[in-house]
Amino acid sequence: MIAKVEPLTTARALRGPFDYLLGPSMDGVGVGSMLVVPFARRRILGVVVEVVEHSDVAPDKLVEPLSALESDVPPELVTLGLWVAHEYVSTPARGLALVLPPGTGTGSGRRTRPRRSLLAALTAAGRDVPSETGHGSRLGERQRAALHALRAGPARVSDLARTTGCDHAGARRLEERGLVTLEWADQAPRRPASSVIGARPVIDALTGAQATALHDVIEAMDAPAGTDRRQLLHGVTGSGKTEVYLRAVAATIDRSKTAIVLVPEIALTPQTAGRFVERFGDTVAILHSKLTARERFDEWSRLRSGAAKVCVGPRSAVFAPLVDIGLIVVDEEHDGSYKQEGDPRYDARHVAERRAAGVDCVLLAGSATPRPESFRRFRRLVLSERVDGRGMPPVEVVGMAGVKGVLHQRTRDALSEVARAGEKAIVLLNRRGWSNFLTCGECGRVWECPDCDVSLVLHRSAGEVSCHHCGHSEAIPGSCPECRSVSLTRHGTGTEQLGVELERLVAPLPVFRLDADTVAKEGVAATLERFEAAESGGVLVGTQMVAKGHDFADVTLGVVLDADATLRFPDFRAEERTFALVAQLAGRSGRGPRGGRVVVQALDPAARALQHAATHDSLGFLEGELERRGALAYPPDGHLIRVVCSSTDAGPEHRAAQALAKRIAPPGASVLGPVPLFRRQGRERAQLVIKGRDREAGIVAVRRAVEEAMGAMAKEGVNVAVDVDPQ
Ligand code: ADP
Ligand code: ZN
Ligand code: ZN
């Protein structure tokens with residue numbers, strides 16, 4: 001038999017797959033096996049993508065693989081990895097790297113092997129050795145201690161070394177003398193610890209709406225092969241979507257199938273993952289970024305072996321090595337973290353849809369603020385009320401035109417009331433740091449990043465001004481380097497400054513800040529735990545992290561500052577983002593018996609996205625949004641592909657983009673640009689956007705143009721990045 005092997009190398013030029021002859025020693029090798037193969041006098045790692053009878057390579061040129069690795073992946077994942085490579089204009093190696101065991105990626109050469117340990121057990125002769133001295137003069141003190149310890153039962157040699165001092169070599173000598181047997185054994189993978197914030201009482205009865213939704217999900221699960229099983233759980237915040245997922249997963253397990261549950265970054269939303277562990281225990285494997293390489297590999301192995309049947313994790317969990325998948329859940333499907341930044345720039349929601357179609361299982365996306373794309377195409381299951389029939393909190397949008405300071409009087413009053421009553425509030429300002437930028441009062445100099453065309457943000461407690469794009473930072477200047485003036489002016493307010501201002505306003509209530517700066521020090525879970533534990537009230541202030549799906553029953557006020565800041569970006573998704581942010585933050589308020597309210601501050605309170613969010617009218621918003629997008633041929637009516645060329649000097653990037661624009665000619669699509677983007681990390685950038693109705697035609701046209709131009713661009717020092725469905 002012939003194995004077609006795709007090499008795992010980052011070289012774009014190396015185009016596999018290559019043929020290798022499978023000899024008798026390669027028994028059991030199939031699609032998804034990982035092989036070490038000889039290649040041009042090197043040894044490289046590759047994945048079997050196909051097994052065939054005949055090769056076009058001359059028989060005397062065919063060679064055999066050198067060895068096969070222990071781990072492999074299901075064939076279905078090989079197909080998926082190659083599809084991702086095509087769909088996102090990347091290479092097969094990069095696509096496959098996504099589905100391989102953690103640690104096998106093209107970048108890192110090191111591989112993680114299954115955790116094995118050397119077990120020692122006493123033989124009959126070993127048992128006869130008396131614990132006291134006297135027997136066989138050559139037995140050392142430590143070996144004697146080890147023999148004694150083993151009377152309690154077999155033990156790991158590494159543990160023996162720790163407790164008795166008898167190390168690996170000592171154990172080997174005991175083995176040579178026939179006193180112990182040594183054997184390698186797979187060690188049961190260890191479970192990483194996971195935190196459970198806000199443990200909730202067991203829910204015995206579903207609400208009527210939850211029951212109906214669950215019924216529909218199960219019906220789709222049991223429907224005949226080939227049924228469209230894509231569903232959108234459109235439920236207002238606090239309507240109990242998580243409970244529907246949990247029961248849908250239970251139903252999947254009942255049918256001897258497995259499930260994947262995608263959640264936004266786990267570090268930011270520890271509650272949801274915690275509930276799955278709470279409910280399903282060791283049946284769940286969690287894949288998240290905080291795991292060590294070892295833990296990741298162990299969780300992956302538990303999934304691959306079938307020991308775990310449910311995988312909960314962020315976007316990469318869509319590649320979980322499960323077989324017999326019955327359900328893929330995408331929780332908070334509007335969340336931007338489902339899009340991968342690196343190459344391939346895949347969107348886990350799109351991959352989930354593809355995988356679900358491939359294995360013919362249920363796809364259940366859920367959100368209070370779904371994307372127009374899902375709303376249009378999936379069957380909608382509705383949870384229109386909060387559990388307990390509690391109303392949605394009233395939302396007041398206040399205009400900031402002419403207002404001095406960051407807080408409107410209405411906001412101040414609402415916060416003071418919370419302080420008086422000893423309640424809780426969440427305040428969202430999507431801008432971290434102390435102030436947005438710094439200028440010289442004398443000559444007008446603006447402090448900018450030397451590598452990016454953006455201004456530096458002041459962080460007072462860190463004592464620095466820093467770039468939020470590349471991380472460059474400098475000490476807070478004492479004077480202007482150009483005119484020596486010491487009158488420097490700070491503009492705008494970020495979460496750091498707001499936190500201090502709120503402390504004054506709501507004292508003695510504690511204020512908890514949650515943004516990328518505090519997370520680096522404390523972690524999201526710890527901050528949320530402190531906020532939850534604050535019995536006599538408190539205020540949580542931070543960036544969009546505070547609006548994620550947290551569920552605290554005692555929050556009575558939600559505040560959004562500068563709510564229309566997102567609308568000022570030239571992006572067709574700006575409306576959708578603004579609506580989601582405000583509606584999600586509003587959703588944190590009034591989940592308990594005390595009810596709640598929301599205040600939204602904006603420059604333009606009449607903005608459509610804000611008005612719909614204020615009335616909790618997501619249907620109205622979505623319908624209007626679909627109409628607007630249809631008129632402009634934006635998704636879901638059209639598809640966008642973004643191509644960014646970059647170079648260190650100005651010029652080459654623009655010429656390269658121009659040349660690409662001429663080459664790319666997808667039928668019926670338009671090519672917009674090149675337009676310059678702001679310089680980032682020392683690189684000048686130019687962007688093209690391809691907009692058309694036929695997605696596949698666009699992908700093919702871009703791939704061909706990029707591949708043809710690749711050589712010329714490399715000579716000019718131009719990098720190119722392709723982003724299909726850019727966010
Ligand atoms: P969503 O994800 O829709 O915003 P959650 O899943 O966080 O809502 O649920 C909100 C709260 O309601 C949670 O505290 C949850 O434990 C509770 N809950 C969910 N379903 C029920 C039910 N059937 N009966 C009582 N409480 C429920
Ligand atoms: Zn100056
Ligand atoms: Zn920078």
Side-chain angles (χ1 to χ4, degrees), residues 196-214 233-248 261 263-264 269 271-272 274-276 278-279 329 331-335 366-370 381-390 392 438-457 465-474 477-489 532 547-555 583-593 618 678-683 685:
V196 177
I197 299 179
R200 291 291 179 277
V202 179
I203 293 160
D204 358 87
L206 293 182
T207 65
Q210 281 174 322
T212 307
L214 178 65
L233 184 58
H234 189 178
V236 298
T237 51
S239 58
K241 294 185 287 294
T242 312
E243 189 60 31
V244 176
Y245 305 144
L246 286 164
R247 297 206 183 197
V261 181
V263 295
T269 53
Q271 279 178 331
T272 312
R275 279 187 200 160
F276 279 86
E278 222 173 30
R279 188 76 53 98
V329 172
D331 183 24
E332 309 287 9
E333 71 106 30
H334 60 276
D335 198 278
S367 175
T369 55
L381 316 176
V382 184
L383 304 178
S384 53
E385 283 179 15
R386 288 188 160 179
V387 293
D388 302 352
R390 252 175 226 126
M392 298 301 288
L438 198 61
T439 59
C440 170
E442 221 36 71
C443 73
R445 178 185 202 270
V446 181
W447 268 258
E448 286 192 334
C449 175
D451 298 322
C452 313
D453 291 334
V454 297
S455 47
L456 297 173
V457 177
V465 288
S466 69
C467 171
H468 286 186
H469 289 277
C470 72
H472 167 89
S473 68
E474 348 180 321
S479 64
C480 173
E482 264 140 55
C483 72
R484 313 232 161 254
S485 161
V486 290
S487 83
L488 307 183
T489 321
E532 177 168 56
K548 305 267 165 176
H550 319 303
D551 178 32
F552 299 113
D554 49 0
V555 171
Q584 290 291 341
L585 192 276
R588 302 312 118 211
S589 175
R591 288 180 168 230
S618 89
F678 76 85
R679 195 168 54 105
R680 189 170 172 165
Q681 289 180 299
R683 297 188 74 86
R685 301 184 301 154

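Residue numbers run from 1 in the order of the sequence given. As the structure lists them, so they are numbered: ligands from 1, and atoms in each ligand from 1. The analysis underlying the following values was restricted to heavy atoms, covering all of them including side chains, and did not include hydrogens, waters or symmetry mates.
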Minimum non-hydrogen distance to atom 9 (O) of ligand 1, winning option of A553, A205, G240: G240

Hey, does R386 have a side-chain heavy atom less than 4.5 Å from the side chain of S239? no

May I ask you to decide whether D335 forms a salt bridge with K548, counting only side-chain N to carboxylate O separations under 4.0 Å? yes

Pairs of nitrogen or oxygen atoms closer than 3.5 Å, one from G235 and one from ligand 1: do any exist? no

For the 3.5 Å polar cut-off, considering only N or O atoms, please tell me whether R588 and ligand 1 meet it. no

Do you know which two heavy atoms are closest between C440 and W447, and how far apart they sit? N-CZ3, 3.7 Å

Taking only non-hydrogen atoms of T237 and a 4.0 Å limit, the atoms of ligand 1 in range are 4 (O)

Could you say whether the N/O atoms of E243 and ligand 1 ever approach to under 3.5 Å? no

Please determine if the Zn ion (ligand 3) has an N/O/S atom from H472 lying under 2.8 Å away. no

Is the NZ or CZ atom of R685 positioned over F678's six-membered ring, under 6.0 angstrom from the centre and within 45° of the axis? yes

Less than 4.0 Å between a side-chain N and a carboxylate O, is that true for E448 and R679? no

Within the 3.5 Å criterion, strictly below it, is a donor on S618 or H234 matched to an acceptor on the partner's side chain? yes

At the 4.0 Å heavy-atom cut-off, does R591 count as touching ligand 1? yes

If I take every N, O or S atom of H468, is at least one of them less than 2.8 Å from the Zn ion (ligand 3)? no

Angle subtended at the Zn ion (ligand 3) by SG of C449 and SG of C470, nearest 10°: 110°

Close side-chain approach of C443 to C480, heavy-atom, < 4.5 Å: yes

Can you name the atoms of ligand 1, numbered from 1 with element, that are less than 4.0 Å from a heavy atom of L206? 23 (N)

Taking only heavy atoms of V236 into account, list the atoms of ligand 1 that are under 4.0 Å away from them. 3 (O)

Can you list the steps and then say if L383 with V236 is a side chain to side chain contact (heavy atoms under 4.5 Å, CB included)? CA-CA 6 Å; L383 304 178; V236 298; 5.8 Å; no

Please state which part of T242 comes within less than 4.0 Å of ligand 1, counting heavy atoms only: side chain, backbone, both or neither. both

Considering both backbone and side-chain atoms of D388, is one of its nitrogen or oxygen atoms within less than 3.5 Å of a nitrogen or oxygen in ligand 1? no

Backbone or side chain, does H469 get an N/O/S atom under 2.8 Å to the Zn ion (ligand 3)? no

Candidates H468, E474, H469 - the one meeting side-chain hydrogen bond (donor to acceptor under 3.5 Å, both in side chains) with H472: E474

What does the angle at the Zn ion (ligand 3) come to, between atom SG of C452 and atom SG of C467, rounded to 10°? 110°

Please report, to 10°, the angle around the Zn ion (ligand 2) from atom SG (C483) across to atom SG (C480). 110°

Side-chain touch E332/V263, heavy atoms, less than 4.5 angstrom: no

